[in-house]
Every structure is written in C-alpha cells, then in structure tokens.
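Since the model is a prediction, treat every value here as computed from it, not as a measurement. A, B, ... follow the sequence lines: proteins, then strands. Residue 1 opens every chain.
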2 protein chains.
Amino acid sequence: MASIRDVARLAQVSPATVSRVMNGTANVDEEKKKRVLKAIEETGFVPNEVARSLFKRSAKLIGLIMPSIENPFFTQLAGAIERTADKHGYRLVLCNTGSVIEKEKAAIQMLVSMNADGIILTSSNDEIRNYTSLCNIPIIVTDRSFNGCGNLKIVHCDHYQGGRMAMEHLIRCGCKSIVCIKGQQEISSAKDRYDGYKDVCQEKGIKEQTVDCAYDFEQGMKVTDELLKKYKDVDGIIACNDMVAVSVYKVLHNKGIRVPEQVQIIGFDDIALAKLMSPELTTISQPIDEIGAKAAELIILKGEETQQEYIFEAKLVERETTRHN
Amino acid sequence: MASIRDVARLAQVSPATVSRVMNGTANVDEEKKKRVLKAIEETGFVPNEVARSLFKRSAKLIGLIMPSIENPFFTQLAGAIERTADKHGYRLVLCNTGSVIEKEKAAIQMLVSMNADGIILTSSNDEIRNYTSLCNIPIIVTDRSFNGCGNLKIVHCDHYQGGRMAMEHLIRCGCKSIVCIKGQQEISSAKDRYDGYKDVCQEKGIKEQTVDCAYDFEQGMKVTDELLKKYKDVDGIIACNDMVAVSVYKVLHNKGIRVPEQVQIIGFDDIALAKLMSPELTTISQPIDEIGAKAAELIILKGEETQQEYIFEAKLVERETTRHN
DNA sequence: TTTTGTCTTGAAACCCGTTTCAAATCATAC
DNA sequence: GTATGATTTGAAACGGGTTTCAAGACAAAA
C-alpha cells in the first residue's frame with residue numbers, strides 16, 4: 001500500500017502538497033499538480049481513511065443499532081438509511097443488540113471510539129437519555145417516541161393517528177366485533193397505536209376488545225388462537241404490526257376462516273411482505289424511506305436544526321384483507 | 001474525550017504503562033496498575049479504536065458488499081454473519097451496490113482503506129478475480145461459485161444438487177408437466193440449479209419445459225402469466241428462488257388455481273418468508289446460517305486454511321405447496 | 001529600486017494507541 | 001561486595017493524512 005509520502009517522493013513535492021491536490025484545499029502550481037496526479041496514478045495510491053479519520057475526528061460512519069436486522073421493518077429502515085448515507089459518502093456500521101441494554105451501551109461506546117459521526121438507534125430503553133451525556137455525537141432514535149434532549153433527536157411516525165385510522169377503517173368496512181391485538185406497551189409505538197384504537201372506541205361508545213402480544217410471528221399465532229376462543233363473534237382484527245397480521249392470517253387460513261369475507265384484518269407498518277402475501281394485507285403504512293432518510297440527514301447534514309422531534313404521517317393502504325365498499 | 005495521555009498523567013505513569021495495563025501485554029507493578037485502573041475509571045477513558053486501528057492495521061471490521069440488504073436472502077445472510085462477527089468482537093460495514101460494478105470496486109477500495117480485516121461479497125461479476133490483486137485482505141465470495149484463487153475464497157451451497165432435488169421431488173409428488181423457471185444464467189447459482197433440473201430431465205427422458213426470469217418478485221408475476229399461457233397443462237413449477245415462488249403463488253391464487261391440488265410449487269433458499277406465507281412454501285433449503293458463519297470465520301480466524309472452496313449441502317423442506325405422499 | 005501584498009510550498013506538529021529499545025531497578029548468584 | 005540475569009519502565013518512534021506556520025517566490029504598487 002502506497003502512502004502519501006511515497007507519492008510525494010515520486011512527484012518530488014511534500015506530502016502536504018499531495019494532500020492539497022487530493023482535497024483541493026489550496027492552490028497548487030499546475031505543473032506540480034500534474035506530477036502529483038501522475039504519481040497517484042502510478043502508485044495506485046488510495047488515501048488511508050483511518051489516518052484521515054484519526055485527525056479529522058470523523059470517520060464518515062453512521063452507527064446503526066437495532067434489535068435485529070432480520071426484522072423486516074428494520075431491514076427496510078436500514079435500506080433507506082443506507083441509500084441516504086451512500087449518497088453522501090457515508091458508510092453504515094451494523095450493531096444488532098437483541099434489545100439487550102448492555103449490548104446497546106457497548107455498541108454506543110464502540111461507535112464513539114470509532115469516530116462515528118452519529119448513531120441511529122431503535123430502542124425502548126428509557127435509559128437512553130443518559131447516553132446523550134455518554135457521547136458528543138448526535139443520536140437519532142427512530143420508531144420510538146421520547147422527549148428529545150441535547151443531541152438526542154427523535155424521528156418517527158404518528159402511531160396514535162395510525163391506530164385511530166386502523167380502527168376507523170374497520171368500522172367503515174362494516175366490522176361489528178373488532179379485536180385489537182395490543183403490542184407490548186413498553187414500546188411506545190405499540191402503546192400509541194393502542195391509544196388510538198382505544199380513543200376511537202370511547203368516542204363511538206364501543207366496548208374495547210383486546211388481547212396482548214409481542215411484535216412477533218410465533219406469538220402472533222398463539223395469541224390468535226386465544227383470541228378466537230375469547231371473542232367467538234370477531235369479524236375484524238387490528239394487528240399490532242404486519243408480522244403479527246401475517247400470523248393472524250395464517251391461523252385463520254388454517255382454520256378455514258375466509259379473509260376478508262368472514263374476518264377482516266389490518267396491520268401496521270406496510271413492510272414489503274404486506275404486498276407479497278396473498279391476499280395482500282391492508283395496513284397502516286409508515287413512510288419508512290422518509291423516516292430513514294431524515295434520520296440519516298440529521299447526522300450527515302449536521303445542521304443546527306433545533307427541532308428535536310420529527311413526526312411523519314401514517315397512511316391507510318387498502319388491499320385485500322379488508323372489504324372495499 | 002480523555003486520551004491515554006490524560007490517564008497516564010493522572011496515574012503518574014507513562015502512556016506505555018497505561019497501554020500495557022489495558023491490554024495485559026506486559027507485567028506492571030501492582031501499585032501502578034491500581035493507579036492506572038483508578039485513573040481510567042475516573043476519566044471514563046475509552047481507547048480510541050481509530051488510533052489503535054491505524055497502528056495495528058486492523059480495524060476489527062468486516063465489509064459486507066451485497067446488491068441490496070433488502071433482499072430477504074441477503075438479510076438473513078447478513079444476520080448470520082453479524083452474529084458470528086459480534087461473537088468475536090468484529091463489526092460489520094454495510095455496502096449495497098445494486099450490482100453496479102463500479103460501486104463494487106469503490107466499496108472494496110473504501111473498505112481496504114478503512115483497514116477492514118476482510119470482505120464478504122456476493123457478486124456475479126467475473127472481474128472479481130482482479131480484485132484479489134487490488135488488496136491484501138481476504139475476500140470471501142458467498143452464494144456464487146467461482147474458482148477460488150489467492151486470498152479469494154468461496155463459500156456456497158450445492159445449487160446443482162438442489163436443482164436435482166427440486167425436480168426429483170416434484171416427480172415423486174406425481175407432477176406430469178413440470179416447468180422450471182430459470183434464473184438469470186449469468187448468476188452461477190441460477191445456472192447450477194437449472195443444470196440440476198436439466199440433468200434429471202435427460203436422465204429420465206423428460207422434455208425440458210422452461211421459462212426465463214430474474215430473481216425478483218415483479219418479474220416473477222409477469223413470467224408466471226406467460227408460463228400459464230405457454231404450458232397449459234402445467235401441474236408443477238420449480239421457481240428459481242423463494243421470492244419468485246411467492247409471486248408464482250400469488251398469480252395462481254388470483255386466478256383461482258389451487259395449490260398444491262392443481263399445481264404444485266417448489267422454491268429455493270428457504271428464506272423466512274417461506275414459512276410465513278399460507279400455504280407454507282415447499283423449498284430447497286440453503287443453510288444460510290452456516291454459510292454466513294463460515295464466511296465470517298474465514299476472515300476472523302485468519303487460519304492458513306488452504307481450502308479455497310466450501311460447499312454446503314442443500315436440503316429439501318417439504319411444506320404445503322407440494323402434495324405429501 | 002524598494003516596499004507591500006499575495007500566493008505557493010514544505011517542515012513539523014498533530015491526532016492517539018502501540019511497540020521498541022535502552023535505561024533503570026531489583027534480585028539472585030558467585 | 002560485585003557480577004549476572006530478570007523484570008519493570010518511560011522516551012521516542014511509528015502508523016499516515018491534515019493543517020499550521022513561517023519562509024520563499026513572485027508580482028504589483030510606490
């Protein structure tokens with residue numbers, strides 16, 4: 001690997017001049033510039049990013065901390081972030097934590113020590129606020145609501161409104177007995193969605209019918225079984241997210257219950273899977289691309305944006321698991 | 001951010017001694033050790049990985065270059081790699097290329113300049129061999145077969161055998177008119193799978209029935225439409241991968257063709273989606289976790305393993321889109 | 001011709017953890 | 001008490017790109 005000093009020697013200039021040619025940080029005599037360019041060409045010199053990063057205190061790196069990359073929602077979010085990052089010459093460092101708090105903390109420290117320029121994190125961990133003091137780089141929390149503070153900022157979608165929309169849609173579609181599968185209430189998005197559902201119930205004088213569930217496929221199947229026993233006349237199901245909605249469909253399908261004729265289903269998130277399955281899933285869509293892009297931009301653009309919270313609108317996407325009217 | 005020199009000053013020792021205490025690279029007087037530990041505690045010192053990496057010429061980083069993280073197969077592969085990497089204290093740097101060769105090359109250069117310890121890449125690009133000379137770190141190619149050479153190694157599964165198994169299974173399940181949806185033949189896995197199918201046809205004196213398709217959902221739907229027109233008596237479909245199998249199912253489902261009663265389907269890969277959909281997809285499973293783990297280990301363990309190619313076995317997973325006998 | 005100003009350039013310091021090397025310390029052996 | 005060996009320790013160099021600072025070069029103004 002050729003170093004800048006090798007190039008300098010070959011071009012008969014100083015390393016400083018080579019640096020200036022590469023970065024265009026100062027005027028360099030045309031003649032010397034040519035020599036440097038030629039020397040770079042000949043040696044195949046590629047500047048060492050580590051050395052650069054050590055001095056600049058920026059590695060052009062964004063840390064991505066999430067429970068698991070294999071959760072389709074996070075995958076899509078990661079994809080959106082990657083596209084935005086790449087556009088600006090930034091790279092992503094992946095850290096899966098399985099929601100283990102210690103791993104989260106360790107990941108943050110590691111990323112700071114790598115001179116990462118910022119961290120995007122999805123966590124339900126209330127301790128997050130303390131992380132802010134732990135480091136001097138921006139931390140963006142996505143998909144969870146919090147009160148922003150310091151260099152901790154929040155980007156997410158309006159889950160409460162989404163919860164209302166889901167409920168209102170099923171009512172519009174003629175459901176008489178709607179059951180809401182609540183997600184874990186420690187996760188703010190799950191809580192907000194449920195709150196939306198609940199408020200619509202109150203406003204319309206509908207009795208709440210709920211069952212608890214994790215954001216997870218296996219759980220979803222088990223809970224659907226229980227749900228069917230508990231609410232025998234159910235004709236509409238609000239799943240806490242698309243993954244659970246898919247498992248709800250599977251159970252209904254296995255039992256020969258027709259969707260949407262006998263039971264209608266609505267999910268949350270609009271992950272790619274929602275369009276893939278047959279029937280296609282009606283769902284409340286989160287603008288995942290916009291959320292990811294905004295989160296990345298908050299780090300990359302380093303603007304003095306004082307706004308601490310960015311909320312995007314949820315959107316109803318009607319497909320085949322609810323009845324058109 | 002406290003530096004090692006701050007700690008040294010506070011503990012009244014030299015930076016070298018602090019380094020030795022941290023890394024256990026040499027004996028240090030107990031008394032001084034205590035002082036150092038105390039100073040680290042007090043300052044909240046975390047060693048700067050960038051400086052360490054600059055000297056060590058290793059950043060404990062694995063570069064992951066793939067067309068898109070959003071392709072479920074790659075997502076799962078990335079997950080498997082991440083788990084193995086994390087176990088050994090390595091991080092993953094994500095580079096999506098959209099299969100653009102220039103981006104691939106740029107990503108490799110970037111990763112080398114970041115002092116990455118190795119690169120795992122999924123590419124159909126025949127030029128790869130030249131990359132070997134481009135850098136002195138191991139490059140592991142997964143899911144594509146090649147002839148390994150130098151520090152370029154190959155980890156993949158036996159797609160040819162998988163292709164045979166798919167065909168043989170549909171025959172066993174009683175299909176009389178089997179159509180193979182061929183993937184792009186420039187991609188070695190697609191070619192190998194097709195070759196397996198083809199050879200079984202020849203051995204059994206069956207006439208080949210094929211149609212061409214990319215590894216992609218949209219294409220899959222279009223191609224299935226054509227397939228149904230071209231082969232009106234089709235009763236078994238081998239899809240080039242699970243994603244295409246899902247789209248095949250969707251088209252059949254929309255047309256009211258029952259699966260597996262009228263047409264049986266078999267896919268490839270056994271991505272998570274295969275178990276999620278209803279009916280569950282029969283498929284040829286790749287041991288994604290093992291492939292990912294092996295690829296990561298080849299980089300992390302730095303063994304002088306001379307083996308250039310690692311081939312894993314494919315496995316038939318019978319589910320609901322083929323008929324049990 | 002001298003002065004003032006502008007531009008180009010390279011030496012050296014910088015970022016910070018690691019390692020080498022030689023000096024210093026201590027203990028054991030003669 | 002001196003010689004020999006073993007151990008601990010810190011100063012300094014190292015990795016490699018960037019930036020500062022002051023010197024040198026050159027042009028324009030006086």
Side-chain angles (χ1 to χ4, degrees), chain A residues 1-37 39-40 43-61 89 109-110 112-117 136-137, chain B residues 1-37 39-40 43-61 89 109-117 135-137:
Chain A
M1 288 283 98
S3 81
I4 200 170
R5 282 164 235 265
D6 298 326
V7 175
R9 203 172 311 123
L10 191 62
Q12 311 205 58
V13 295
S14 73
T17 301
V18 178
S19 174
R20 288 190 268 254
V21 170
M22 284 195 305
N23 302 299
T25 41
N27 288 332
V28 172
D29 177 75
E30 269 306 319
E31 170 59 28
K32 283 181 182 150
K33 198 180 213 165
K34 262 185 210 152
R35 291 212 311 263
V36 168
L37 259 15
I40 289 177
T43 54
F45 169 67
V46 179
N48 183 317
E49 281 304 320
V50 176
R52 186 176 267 170
S53 145
L54 179 60
F55 189 90
K56 294 260 199 166
R57 290 141 177 281
S58 151
K60 294 230 161 198
L61 238 39
Q109 278 204 332
M110 157 66 69
V112 169
S113 79
M114 284 175 73
N115 283 1
D117 297 84
N136 45 350
I137 59 175
Chain B
M1 287 284 98
S3 82
I4 200 170
R5 281 162 234 267
D6 298 325
V7 175
R9 203 172 309 122
L10 191 62
Q12 309 206 59
V13 296
S14 73
T17 301
V18 177
S19 174
R20 288 191 267 254
V21 170
M22 284 196 306
N23 301 299
T25 43
N27 289 332
V28 172
D29 178 76
E30 269 306 319
E31 170 57 28
K32 282 180 183 151
K33 198 179 210 164
K34 261 185 211 152
R35 292 212 310 265
V36 168
L37 259 17
I40 289 177
T43 54
F45 169 67
V46 179
N48 183 317
E49 280 304 321
V50 176
R52 186 175 265 171
S53 145
L54 179 60
F55 191 90
K56 294 259 200 171
R57 290 142 174 279
S58 151
K60 294 231 160 197
L61 238 40
Q109 280 204 331
M110 157 65 68
L111 288 167
V112 169
S113 78
M114 283 174 75
N115 282 1
D117 297 83
C135 66
N136 46 350
I137 59 175

Point to revise | Close side-chain approach of A/Q109 and A/V112, heavy atoms under 4.5 Å | key: no
Study note, to complete from the structure: Rounded to whole Å, the CE-C1' distance (B/M22 to C/dT18) equals 9 Å
**Study point:** Min side-chain heavy-atom separation A/N48-B/N115 under 4.5 Å
**Key:** yes
Check your understanding: Nearest to the side chain of A/V28, which nucleotide is it out of C/dT9, C/dC16, D/dT18?
Key -> C/dT9
Point to revise | B/S14 side chain, from C-beta outward: closest of D/dA11, C/dT18, C/dC15 | key: D/dA11
Exercise for review: Measure from CG on A/N48 to P on C/dC15 and round the result to the nearest Å.
Suggested key: 18 Å
Revision key, fill the gap. Testing D/dT8, C/dG17, D/dG15 for proximity to the side chain of B/L54, the answer is D/dG15
Review point. Is there side-chain contact between B/V36 and B/V28, with at least one heavy-atom pair below 4.5 Å?
Key: no
Exercise for review: Return the 5'-most residue of the pair B/A26, B/R5 with respect to DNA chain D, ranking by each residue's nearest nucleotide.
Suggested key: B/A26
Revision key, fill the gap. note: A/M114, atom CE; C/dC16, atom P; distance rounded to Å ~ 17 Å
Practice item. Write down the distance between CZ (A/R35) and C1' (C/dT9), rounded to a whole number of angstrom. Key: 12 Å
Exercise for review: Measure the NZ-CD distance between A/K34 and A/E30 for me, rounded to the nearest 0.5 Å.
Suggested key: 6.5 Å
Check your understanding: Which of these nucleotides, D/dG16, C/dG17, C/dG10, is closest to any side-chain atom of A/T17?
Key -> C/dG10
Review point. Roughly, in whole Å, what's the span from NZ in B/K56 to C1' in C/dC16?
Key: 14 Å
Exercise for review: Give a yes/no answer on whether the side chain of A/K32 brings an N or O atom under 4.0 Å of OP1 or OP2 in C/dT8.
Suggested key: no
Practice item. Could you check B/V21, B/N23, B/N27 and say which one makes a side-chain contact (heavy atoms from CB on, under 4.5 Å) with B/T25? Key: B/N23
Exercise for review: For A/R20, answer base if it contacts any base atom (sugar-phosphate contacts may also be present), sugar-phosphate if it contacts only those atoms, and nothing otherwise; contact means non-hydrogen atoms under 4.0 Å.
Suggested key: base
Point to revise | B/K33 vs D/dT8: side-chain N/O to OP1/OP2 distance below 4.0 Å | key: no
Point to revise | Along DNA chain C (nearest heavy atom to each residue), the more 5'-positioned of B/A51 and A/V13 | key: A/V13
Review point. Starting at CD of A/E30 and ending at P of C/dT9, how long is that distance when rounded to a whole Å?
Key: 10 Å
Review point. Out of curiosity, A/I40 CD1 to A/I4 CD1, how far, rounded to the nearest 0.5 Å?
Key: 8.0 Å
Review point. D/dG16 base to A/R52 side chain: any donor-acceptor pair below 3.5 Å?
Key: no
Exercise for review: Please state whether the phosphate of D/dT8, meaning OP1 or OP2, lies under 4.0 angstrom from any side-chain nitrogen or oxygen of B/N27.
Suggested key: yes
Exercise for review: Examine D/dG16: is either OP1 or OP2 under 4.0 Å from a nitrogen or oxygen in the side chain of B/R57? Give yes or no.
Suggested key: yes
Review point. Is A/N23 near enough to D/dT18 that one of its side-chain N or O atoms lies under 4.0 angstrom from OP1 or OP2?
Key: yes
Review point. Could you give the CD-to-C1' distance, from B/Q12 to D/dG10, as a whole number of Å?
Key: 14 Å
Exercise for review: Round to a whole Å and report the spacing from CG of A/D29 to C1' of D/dG24.
Suggested key: 14 Å
Review point. Under 4.0 Å: is that the gap between some side-chain N or O of A/S3 and OP1 or OP2 of D/dG16?
Key: no
